[in-house]
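The structure appears right after this line, and notes come after that.
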2 protein chains.
Amino acid sequence: MAIDGQSPTRTRAGARQLIAPPKTKRGESSRAVILQAALDLFQERGYEATTMRAIADRAGVSLGGSYHYFPSKEHLVLEFYRHTHELHAQAIKPLLSRERDLAARLRGTVRAVVITCEPFHAVAGSIFSTVANPSSPLNPFGGTARPLRDEVVALYAEVVRGSDARIPSDIAEMLPLTLWLYQMGILYFWIFDRSPGRLRTLEVIDETTDLIVRLVSLANLPVLRGSRKRVLSLMKAIVEGQA
Amino acid sequence: MAIDGQSPTRTRAGARQLIAPPKTKRGESSRAVILQAALDLFQERGYEATTMRAIADRAGVSLGGSYHYFPSKEHLVLEFYRHTHELHAQAIKPLLSRERDLAARLRGTVRAVVITCEPFHAVAGSIFSTVANPSSPLNPFGGTARPLRDEVVALYAEVVRGSDARIPSDIAEMLPLTLWLYQMGILYFWIFDRSPGRLRTLEVIDETTDLIVRLVSLANLPVLRGSRKRVLSLMKAIVEGQA
DNA sequence: GCTCGAACTTGAACATGTTCAAGTTAATAA
DNA sequence: TTATTAACTTGAACATGTTCAAGTTCGAGC
């Protein structure tokens, strides 16, 4: 028995290991068919109820097959996550090119998140918890999922940049990351939301986006100057320490 | 193959089932010895690296033994969580009876959280992710862990109540829950903190507790009245909808 | 002291994520 | 055409959390 704090058979080894993309036509098609099977099954049954054996079955490959292309089951979820991000980005394109009001842009963007994710609502809980795990490759503060997180943050940067709101530069710098974090909070709320049509979440989104925009505009008040400076420099320190 | 979104062998059944407390001396001692073994092992090796077989071994019972007293491995963590809560409550007793300044009470309380949890820092990540899982019995928004969460919220109510700060009643009502949520955020930051002596977390605590107290005192400003009302009624609606 | 049954204990069996040594395929070089 | 070899595929084997039918213990009631 190992006493060194590591299990003798640490099953997470593969999770850190990079896997080269397919090198042949056959490989490409195998990867695609496995991924599609996984995406479908996650949506049909949820994360935990989807077994690697079921994925292999539906993809028409053998059990070990997926592991040639994806280091772990979690990595398959990462692709799932990327997929919904692309749906979301696509969905808000018209809004972002038409609307200039910051509150409306923000509201529309966050509403689009939960609307895009609605088909996966039943599944979302277990995925979220995997995402929250600091040692998971899906953790947005960690390594593997970092690029995807940066894409989402960039999307919120675009929400802010394309608006006609005049925002002090120190706030504008931190706002996208803050909004991403805020979106995570909304998603967590949405997971617990059992109201019909997820109306409660939509209400909370409307109310909070409005509040955020109002708070940003209030931040210039003399009484708030001090706190604002402190908040922003704290956030900056945290972000920099993280990188 | 089941297509109904439930795995044919749902292994979470036991997790919801209540288990009666031991009825005999032998049962009591078995439960205690299993729990102690689990607590020790979690601390030594972490959550994932601790196997049910190892717990059974150290406790001197057979593999299935634990399942007579704890419905799942996660329920053993719940006890672990309760244990640290008790350590924490004990640790801040002197502070709460001596100090009256709100900022100092809050700072001391939150500092005590991370100091109490320090021995489990390496383990905390996997535990946190279990806690975040909406379908886990450990989830504080869910069922089983609710009483424990209420205890922690009550502790923050005491932090506020025992201070000499004069806080508007509508804020005072929501503050304990907010502070509990804030503490969760700090813990999540702390999990990622690799600075020596966890100094960065302590700095963030000092800065943020100060900011919170300052914000509370600013909330009476006329310009902030509107936002404050909206924030508080939103929070109230959320809390009530949750229950 | 004896019996009965609830409380407790056991460990084989199961489903699952992951590993890996061995096998198969097919594109390129000769 | 044939040989070479990297890419790809396979499925048995492993460790693990959990279940459960079958056994054991021991105190209450006679």
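Throughout, a chain's letter reflects where its sequence line sits, starting with A, and its residues are numbered from 1. A quick note: this is a predicted structure, and the numbers were derived from the prediction, not measured.
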With A/Arg82 via salt bridge (Lys or Arg N to Asp or Glu O under 4.0 Å) - residues at least two apart: A/Glu79
Mapping B/Leu63 and B/Ile34 onto DNA chain C by nearest heavy atom, which one lands closer to the 5' end? B/Ile34
Give the rounded distance in Å between these two atoms: CD1 of B/Ile55 and C1' of D/dT18. 13 Å
Within residues 86-95 of chain A or reaching into it, pairs that qualify as side-chain hydrogen bond (donor to acceptor under 3.5 Å, both in side chains) - sequence neighbours excluded: none
A/His68 side chain N/O closer than 4.0 Å to the phosphate oxygens (OP1, OP2) of D/dC8? yes
Could you list by number each residue of residues 23-32 of chain B showing a heavy-atom separation from DNA chain C of less than 4.0 Å, or answer none if no residue does? B/Lys23, B/Thr24, B/Arg26, B/Gly27, B/Ser30
For residues 112-124 of chain A, the salt bridge (Lys or Arg N to Asp or Glu O under 4.0 Å) pairs (sequence neighbours left out) are A/Glu118-A/Arg198
Classify B/Tyr69 by what it touches in the nucleic acid, base, sugar-phosphate, or nothing, heavy-atom distance under 4.0 Å. sugar-phosphate
From C-beta outward on B/Ser62, which listed nucleotide comes closest to its side chain: D/dT18, C/dG11, D/dC8? C/dG11
Can you tell me the distance, in whole Å, between the NE2 atom of B/His75 and the P atom of D/dG17? 16 Å
For D/dT19, take OP1 and OP2 only and decide whether either is under 4.0 Å from a side-chain N or O of B/Tyr67. no
Results of side-chain hydrogen bond (donor to acceptor under 3.5 Å, both in side chains) for A/Glu158 - residues two or more places apart only: A/Arg161
Would you mind reading off the distance between A/Asp57 atom CG and C/dT16 atom P, rounded to a whole angstrom? 11 Å
The criterion is ring pair (Phe, Tyr, Trp, His ring centres under 6.0 Å); which residues satisfy it with B/Tyr182, sequence neighbours excluded? none
Which pair of non-hydrogen atoms, one from A/Ala56 and one from A/Ser62, has the smallest distance, and what is that distance? CB-O, 3.6 Å
Could you pick out which residue, A/Gly65 or A/Arg53, lies toward the 5' side of DNA chain D when each is mapped onto its nearest nucleotide? A/Gly65
Determine the contact category for B/Thr50: base if any of its heavy atoms lies under 4.0 Å from a base atom, sugar-phosphate if only primed atoms, P, OP1 or OP2 are that close, otherwise nothing. sugar-phosphate
